[in-house]
Amino acid sequence: MPAAAGPFRPSAADRRTRGQLALPGGTFAMGDAFGEGYPEDGEGPVHDVHLDPFRIDATAVTNAAFAGFVKATGYVTDAERLGMSAVFHLTVQADPADVLGQAAGTPWWLVVRGASWRHPQGARSGIGDLRNHPVVQVSWNDAQAYCQWAGRRLPTEAEWEYAARGGRAGSRFPWGDELTPRGRWMCNIWQGTFPSHNTAEDGYVSTAPVKAFQPNGYGLWNTVGNIWEWCADSFAPDTYTARAADVPVHDPRGPRDDDPAAPRVMRGGSHLCHHSYCYRYRAAARSSNTADSAAGNIGFRCANDADTDPAAADALVGTDHHGTFATPAAVQAADGRSGRAGPEAAGR
């Protein structure tokens, strides 16, 4: 089941939305309002984006779900075809002879023979006890193939950020501006000294189950930390600058969508992000990787177009019927460099 060069979008007849959250869309401010982004990532300027209603998965795709896809189709991932992938040095479970080298510029990422979604940390690892963890070691191409089978699609970058914010306009994190409100960890990121010592104060050294911690105001789990998530869009650092004069931008989908060589957007940061090195576990943070890259901290969640009939609008999460960024009561009451895959830069 080869993936298409451009992002897959199912037809209305093929669309399957069971279990997906329905979000109202509307206009929201996209980008970094705190000036904390890395210049090369292009998180600014903040600009208004208008989205139509859409649907999105509450969680990242799990190992169990991806296994069902592979069983039904016989699909072979990019990492499996290549015979190797990127594994973080402290989590490798492989014969020393299978460690083929370090990633250039990021020596904490090792190229490990036999690493794949079935064996995310090397041939001696497995996913038997990780069925409810996010699938990792999957490329953008692999995510496209899953979407074709599942009747879904990847979210656009704008949809991802809107959904990740959970109704919190302009906040740093999906739950507010403070990383650990009342001393409580809200996401799975690195604690300690990167990349040598993870104290695991949040309870996890590697990935966490997809429903660890608390969902955001729209009901999405782990939109920051845990794993990087692929988006449909191709990446350019000047994307926001180029479109800022046309605000509000309507349902943007990024540049050069049909170019198979274009880097693809990743969002959310991962369990390997740390403030000292990869401060990308913020709602506005963005990064990228090539479409055939995979690593032990990259996965995805799915989205879909939604019914925009006015009679169905009342079912949309947090809708305010005025075309503005919705703020559910649950959000108001609550507050309490990247995992790049492959030998080229498997994790900033």
Side-chain angles (χ1 to χ4, degrees), residues 59-63 66 79 85-93 103 106-110 112 115-117 119-122 125-127 129-139 143 160 164 172-175 179-180 184-216 220-231 266-283 285-289 293-301 337-342 345-348:
T59 73
V61 173
T62 63
N63 283 312
F66 199 82
S85 196
V87 180
F88 188 70
H89 71 121
L90 295 183
T91 64
V92 171
Q93 297 180 43
T106 52
W108 45 87
W109 282 103
L110 303 179
V112 178
S116 70
W117 75 273
H119 307 286
Q121 296 166 344
S125 68
I127 57 171
D129 297 329
L130 304 173
R131 290 179 58 80
N132 65 340
H133 282 234
V135 65
V136 294
Q137 297 290 6
V138 286
S139 69
W160 190 97
R172 179 178 283 114
F173 306 114
W175 55 86
L179 178 60
T180 54
R184 181 175 59 168
W185 284 100
M186 305 292 286
C187 64
N188 178 19
I189 58 174
W190 187 281
Q191 294 93 40
T193 304
F194 185 85
S196 59
H197 179 60
N198 188 348
T199 61
E201 294 171 24
D202 58 18
Y204 302 97
V205 172
S206 186
T207 60
V210 295
K211 287 191 174 180
F213 305 98
Q214 296 295 315
N216 70 11
L220 281 77
W221 303 75
N222 289 313
T223 54
V224 297
N226 212 25
I227 59 164
W228 283 102
E229 298 182 11
W230 290 112
C231 292
M266 302 190 304
R267 285 300 208 112
S270 83
H271 60 277
L272 299 178
C273 284
H274 186 264
H275 190 281
S276 69
Y277 182 71
C278 178
Y279 187 36
R280 293 183 175 90
Y281 44 91
R282 298 167 289 107
R286 58 199 305 257
S287 191
S288 67
N289 212 329
S293 292
N297 64 340
I298 302 177
F300 66 103
R301 78 177 71 212
R337 159 142 157 186
S338 89
R340 295 201 172 187
R348 283 189 244 171

Run the side chain to side chain donor-acceptor pair (under 3.5 Å) test against [X] and tell me which residues pass, sequence neighbours left out.
X	value
N188	N226
Q137	S85
T223	none
H271	none

Inter-residue atom distance [X].[atom1] - [Y].[atom2], 0.5 Å rounding:
X	Y	atom1	atom2	result
L179	F173	CG	CZ	4.5 Å
I189	E201	CD1	CD	10.0 Å
Y281	C278	OH	SG	8.5 Å
N132	I127	CG	CD1	11.5 Å
R280	M266	CZ	CE	9.0 Å
L272	W190	CG	CH2	6.5 Å

Who pairs with [X] by side-chain contact (heavy atoms from CB on, under 4.5 Å), at least two apart in sequence or on another chain?
X	answer
Q214	none
H197	T199
S125	Q93, H119, P120, Q121

Any side-chain heavy atom of [X] sitting closer than 4.5 Å to one from [Y]?
X	Y	answer
N297	F88	no
P215	L220	no
T180	M186	no
I227	F300	no

**Message:** Using 30° and 60° as the class boundaries, would you call the ring planes of F66 and W117 parallel, tilted or perpendicular?
**Reply:**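 Plane angle over 60°, so perpendicular.
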**Identified side-chain contact (heavy atoms from CB on, under 4.5 Å) partner of V210 from the options T59, V135, V61** =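 For V210, the side-chain contact (heavy atoms from CB on, under 4.5 Å) test succeeds with only one of T59, V135, V61, which is T59.
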**Item:** Residues in ring-ring contact (aromatic ring centres under 6.0 Å, His included) contact with W160, at least two apart in sequence or another chain
**Value:**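 Checked W160 against ring-ring contact (aromatic ring centres under 6.0 Å, His included); zero matches.
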**Prompt:** Looking at residues at least two apart in the chain, or sitting in another chain, which of them share a ring-ring contact (aromatic ring centres under 6.0 Å, His included) with H89?
**Reply:**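 Applying ring-ring contact (aromatic ring centres under 6.0 Å, His included) to H89 gives none.
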Would you find a donor on one side and an acceptor on the other, under 3.5 Å apart, between the side chain of [X] and the backbone of [Y]?
X	Y	result
N63	L130	yes
N216	A164	yes
W230	V138	yes
T106	W108	no
R267	A285	yes

**Item:** Residue pairs passing the salt bridge (charged side-chain N to carboxylate O under 4.0 Å, His left out) test where at least one lies in residues 189-198, sequence neighbours excluded
**Value:**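 Every pair satisfying salt bridge (charged side-chain N to carboxylate O under 4.0 Å, His left out) with a residue in residues 189-198: there are none.
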**Message:** I'd like to know if E229 pairs up with R301 as an ion pair, taking the criterion as any Lys NZ or Arg NE/NH1/NH2 lying under 4.0 Å from an Asp or Glu carboxylate oxygen.
**Reply:**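 The answer is yes: the pair qualifies as a salt bridge.
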**Item:** Residues in salt bridge (Lys or Arg N to Asp or Glu O under 4.0 Å) contact with R282, at least two apart in sequence or another chain
**Value:**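 Salt bridge (Lys or Arg N to Asp or Glu O under 4.0 Å) check on R282 returns E43.
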Nearest heavy-atom neighbours spanning [X] and [Y]:
X	Y	answer
A60	P134	CB-CB, 4.0 Å
C187	V224	CB-O, 3.5 Å
A212	Y204	CB-OH, 3.8 Å

**Asked** What do the steps show when you test Y279 against C273 for side chain to side chain contact (heavy atoms under 4.5 Å, CB included), and what is the final call?
**Response** CA-CA 6 Å; Y279 187 36; C273 284; over 6 Å; no
